[in-house]
Amino acid sequence: MQDIRFFSGEVLPLERHKVRIVQKLNLLPVEERFACLQASKNNLYLLKNRDIFLDMLTDSGVNAMSDRQLAAMMSADDAYAGSETFFELEAVIKDIFGMDHFLPAHQGRGCERVLADLLVKEGDLLPMNYHFTTTRAHIVRCGGEIVELLCEGAEECESTEPFKGNIDTKALADLLATTTRNVPFVRLEAGANLIGGQPFSLANLEETYRICQEHKILLVVDASLLQDNLYLIKKREAAAKDLTIRDICRKIAANSDIIYFSARKFGFAKGGGIVLREGPLVGKLQELIVLNEGFLTYGGMSVREMAAMTVGLEESMDESIISQGPEYIAYMVDELSKRGVPVVKPAGGLGCHLNARGFAPDVPGEEYPAAAVASALYLAGGIRGMERGTLSEDRLPDGREKIASMELLRLAVPRRVFTLSQIRYCIDRVHWLWENRELIGGLRFTREPKILRFFIGELEPTSDWQDKLVAKFRADFGDSL
Ligand code: F0G
């Protein structure tokens, strides 16, 4: 893909699409934002969408569709069994991955559920670059234990390593050579979500596959965040410079046994599925899909979503389309770094990740720094990010907090959704918050659920720090929103 240079020399991520359908956004005055934050008990999941200006909670299921996707949805073939729309989707997926079978599922965790049910048994060990919450939950549910083998430095916020999502292949080889436990599969997650959307390299995948084959162990790739990973391989890995995105995709498939994905991220739609070659697992997985997800020609997805996904996956093979997300993220990372704001580096996929420990060094882990910065950013700009730190962990068996290794506030950049001025507004408000970071205090639970507490837990500030932050905003911005 050829770059587009500005005469001025400025480097800007230029959108390669135009906006033809819009949704009005509300930006409430800061006092009303404060009232909404209090009503949602300092838990941004409990906010109403109408009270949010920029929703950067996630990229899941909220990516913008193209005109071609919307058109395809109108002519989807509706049938419980044998829908033509499914066969069109299947053909595109088989072509992209060069594999024999596509088994549909309602979303990523549906794939994880059937894979864990089939493959994971009590006492099994599952090596991976890094876990995702739903993946871990299904593996643990089936009695497995995960072991994370990230490459060195992957959990350092600031680094120059281009592929922080790489698995440590030496550690993997040692583990497989010495363990006496059953290892049903090794899992490699594209765009490792919880460490900041960090990619793996093609070389790392190839070496991992070689090791797995040597030990006759399956390699499963979680391709939910593959779109950004594909682009970052193309940009950062010399050996992939002259490959097309489709070539890279095929190489990834040729170096894995099973690929599964959430099409809420990969495919600009909503759904998911498992892709694999012919073999004894196919029939068994099909039975579990029918039992848990739906018949083999829809797997829990609506035919409209399948039609949108068929086009969306084709669009994902176009570098000038998939460049937009990572380029916006890189722009945010660069601009925030210039202003001294601590962010995860290098820029990955999915979103820009603020290092909340750097932001609020005096807020102890037990008072949830990333959640505190998240609440502060909603006050500062009506922006909703997602806490990725201690609050998202479970307590230790003795009741103490398990302090997360990384305390991040994720600002997701859903694909094709925001304009550059909205991104610049976000940078501006994060910058303002950074300059006023000494005002940020902690949070504590007033209601703490036992399971996945971050979704519906209720919190309050540990002091009147939010009142002071709101007052400072008024003082700095006058009567501006
Ligand atoms: N794997 C990865 C790497 C993911 O990021 C997700 C979802 C899943 C699996 C599960 O897929 O939601 O379709 O069931 N990540 C979302 C997020 C929830 O906000 O990062 P799902």
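Reckoned from all heavy atoms, side chains included, excluding hydrogens, waters and symmetry mates. By convention here, the first residue in the shown sequence is residue 1. None of these values were measured; they are calculated from a predicted model. Just so you know, ligand 1 is whichever comes first in the structure, and atom 1 is the first atom listed for that ligand.
- At least one N or O atom of G108 sits closer than 3.5 Å to an N or O atom of ligand 1.
- Here the heavy atom of the protein found nearest to atom 13 (O) of ligand 1 is S262 OG, 2.6 Å.
- In summary, the atoms of ligand 1 found under 4.0 Å from a heavy atom of R264, numbered by their order in the structure, are 13 (O).
- Of all protein heavy atoms, the one closest to atom 21 (P) of ligand 1 is Q107 NE2, 3.3 Å.
- Counting atoms of ligand 1 from 1 in the listed order, those under 4.0 Å from a heavy atom of T58 are 17 (C), 19 (O).
- Outside the 6.0 Å centre-distance limit, the rings of F200 and F163 are not counted as a close aromatic pair.
- For atom 1 (N) of ligand 1, the nearest non-hydrogen atom from the set L350, T135, D222 comes from D222.
- Distances between N or O atoms of R187 and those of ligand 1 include no value under 3.5 Å.
- In this structure, the protein non-hydrogen atom closest to atom 9 (C) of ligand 1 is E112 OE2, 3.4 Å.
- Salt bridge annotation for E314-R246: present, with a cationic side-chain nitrogen under 4.0 angstrom from a carboxylate oxygen.
- Using a 4.0 Å cut-off between a side-chain N of Lys or Arg and a carboxylate O of Asp or Glu, E112 and R109 do not qualify as a salt bridge.
- Protein heavy atom nearest atom 17 (C) of ligand 1, with residue, atom name and distance: K265 NZ, 3.2 Å.
- Among all protein heavy atoms, the one lying closest to atom 5 (O) of ligand 1 is N193 ND2, 2.8 Å.
- The residues R424 and E335 are annotated as not salt-bridged, no charged nitrogen and carboxylate oxygen being separated by less than 4.0 angstrom.
- Using a 4.0 Å cut-off between charged nitrogen and carboxylate oxygen, E156 and K164 do not count as a salt-bridge pair.
- Residue pairs satisfying the ring-ring contact (aromatic ring centres under 6.0 Å, His included) criterion with at least one member in residues 93-128, sequence neighbours excluded, are listed as follows: F86-F102.
- Considering backbone and side-chain atoms together, S60 places no N or O closer than 3.5 Å to any N or O of ligand 1.
- By the side-chain hydrogen bond (donor to acceptor under 3.5 Å, both in side chains) test, D117 is found to be paired with R141, residues two or more places apart in sequence or in another chain being considered.
- With respect to the salt-bridge test (charged N to carboxylate O, under 4.0 angstrom), the residues K41 and E458 do not qualify.
- A salt bridge does not link E327 with K235: none of the charged nitrogens is closer than 4.0 Å to a carboxylate oxygen.
- Listed by number with element, the atoms of ligand 1 under 4.0 Å from a non-hydrogen atom of E189 are 3 (C).
- When only non-hydrogen protein atoms are considered, atom 10 (C) of ligand 1 lies nearest to T134 OG1, 3.6 Å.
- An N or O contact shorter than 3.5 Å is missing between R388 and ligand 1 by distance.
- For atom 6 (C) of ligand 1, the closest non-hydrogen atom of the protein is F132 CE2, 3.3 Å.
- For E401 and Y368, the side-chain atoms include at least one donor-acceptor pair closer than 3.5 Å.
- Look at R264 and D59 and you find no salt bridge, because none of the NZ, NE, NH1 or NH2 atoms lies under 4.0 Å from a carboxylate O.
- Of all protein heavy atoms, the one closest to atom 12 (O) of ligand 1 is R109 NH2, 2.8 Å.
- Residue Y260 has no nitrogen or oxygen atom sitting less than 3.5 Å from a nitrogen or oxygen atom of ligand 1, judged on distance alone.
- Counting heavy atoms closer than 4.0 Å to ligand 1, residue R410 contributes side-chain atoms (C-beta onward) but none from N, CA, C or O.
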